[in-house]
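Read the structure below first, then the notes.
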Amino acid sequence: MRWRPAAGTLVLVALLAAAAAGLARSAAGPGQDDPVRSVTADLRCPACQGESVADSRSPMAAAMRQAVADQVAQGRSRDEVRRWFVQRYGPDVLADPPARGVELLLWAVPALTLLAVGYAARRTLRPRPRRTADRAAAPPAVGPAPGGAARWAWRWSALGLITVVVSVAVAARGLDRPGPDPTPADPVTVAVGLARDLEAQDRYDAAAQMYREALRDRPDDTIRLRLAFALLRAGDAAGAGQAAQEVLSHTPDSPDGLLVLGLAQRRTRPAEAPRTLRRFLTIAPEHPAAPEITRLLTSHP
């Protein structure tokens, strides 16, 4: 019956090889030849339903792909880029967030259980030293060595336990995960964050596009003012003036609204600009831009 241990070993090796091959194939994922696609395929599009950043055609996804491409061009690794997005927008921006909370517990408990079983098996099956007097008095051994059946029972029990624990952990992980359309990161937060990053790179046209995306989901004067500043820096004085007028229609004494409107009027309606800027100085004399506006009005009244 020596063929049984050999057959059992072969079956176990085959199962482990199949599992390793499956894990390696799963870890490889699509788009390994394209580092940008490799990262964007793992990011959720906040403005879409069930689409990754790699597959979405929305302007926000395009901006996120550009952000990934910029960082890959700077030599950042896949994990570094993913970490960059998680730090700004939270783990929900990932299509496959790392294990956490209950999910992490579901993996930790089986692992600790297996360690405990292994320790118990080692303690139970380890040969115990026999005293010399006992060995001399013992009759010659006949038949299978004592403890052999117990070892095989432990081995097969351990294998069965591993199978059950892993199956339960995988099934529980699947139940714990959200449905096929999990809630993505807040699209407004992502759009505003991308816009600020684009402004830091002096890409004001692209930043203005992101602010418009954010305003579609959440009309907000704070975002509208950022749009007005981005348009002004991009050279779109008419657009900046219009955005500032919308803010002033809600808050007539908004210092930033008056500032952007006055600066935009210097290009579109120069005769009205001094009056708007003087009103800005009256309302917000301590504003950081007040000294420069005072100098501007003095040199070009």
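Predicted model only: the values in this text are computed from it and were never measured. What's counted below: heavy atoms across the whole structure, side chains too, no hydrogens, waters or symmetry copies.
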Show the nearest heavy-atom pair for residues [X] and [Y], with the distance to one decimal.
X      : Y      : value
Gly257 : Ala244 : O-CB, 3.5 Å
Phe280 : Pro255 : CD1-O, 3.2 Å
Ala284 : Ala290 : O-CB, 4.1 Å
Ala195 : Ala207 : O-CB, 3.5 Å
Ala214 : Val192 : CB-CG2, 3.9 Å
Cys48  : Ser58  : SG-OG, 3.9 Å

Main-chain N/O of [Y] paired to [X] side chain as donor or acceptor, under 3.5 Å:
X      : Y      : answer
Thr282 : Arg278 : yes
Arg65  : Val53  : yes
Ser38  : Asp34  : no
Ser254 : Thr251 : no

Worked check of side-chain contact (heavy atoms from CB on, under 4.5 Å) between Leu263 and Thr276 = CA-CA 9 Å; Leu263 293 175; Thr276 303; over 6 Å; no
Note, [X] side chain near [Y] side chain (heavy atom, < 4.5 Å):
X      : Y      : answer
Leu277 : Leu258 : no
Gln201 : Asp70  : yes
Pro187 : Val190 : no
Leu281 : His287 : no
Leu94  : Arg82  : yes
Tyr89  : Arg44  : no
Gln242 : Gln245 : no
Pro274 : Leu297 : yes

List, by chain and number, the other hydrophobic cluster members for Leu225, where Ile, Leu, Val, Met, Phe, Trp and Tyr join if side-chain heavy atoms come within less than 4.5 Å, directly or indirectly.
->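 Under the 4.5 Å side-chain rule, Leu225 groups with Val247.
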How long is the straight-line distance from [atom2] of [Y] back to [atom1] of [X], given to the nearest 0.5 Å?
X      : Y      : atom1 : atom2 : result
Thr40  : Asp55  : OG1   : CG    : 8.0 Å
Ile223 : Leu215 : CD1   : CG    : 5.5 Å
Leu248 : Asp256 : CG    : CG    : 10.0 Å
Leu232 : Arg266 : CG    : CZ    : 10.5 Å

Can we say [X] and [Y] salt-bridge, meaning some charged N sits less than 4.0 Å from an Asp/Glu carboxylate O?
X      : Y      : result
Asp197 : Arg88  : yes
Arg267 : Asp236 : no
Glu199 : Arg233 : yes
Glu80  : Arg83  : no
Arg218 : Asp186 : yes

Give a yes or no on whether [X] and [Y] share a hydrophobic cluster (residues Ile, Leu, Val, Met, Phe, Trp, Tyr; joining criterion: side-chain heavy atoms under 4.5 Å apart).
X      : Y      : answer
Met60  : Val81  : yes
Ile293 : Val260 : yes
Met210 : Leu231 : no
Leu227 : Leu259 : no
Leu43  : Val188 : no

For side-chain contact (heavy atoms from CB on, under 4.5 Å), just list the numbers for Tyr204 and Leu198, CA-CA rounded to whole Å, side-chain angles, deciding distance to a tenth of an Å, and then say yes or no.
-> CA-CA 7 Å; Tyr204 299 112; Leu198 291 167; over 6 Å; no
Member of Asp220, Thr222, Asp221 meeting the side-chain hydrogen bond (donor to acceptor under 3.5 Å, both in side chains) criterion with Arg224 =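 Single pass found, and it is Asp221.
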Passing option when Gln71 is tested against Gln66, Arg76, Arg78 for side-chain hydrogen bond (donor to acceptor under 3.5 Å, both in side chains) |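 Only one option passes, and that is Arg76.
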Working for side-chain contact (heavy atoms from CB on, under 4.5 Å), residues Arg275 and Gln265 | CA-CA 10 Å; Arg275 184 180 61 184; Gln265 286 175 336; over 6 Å; no
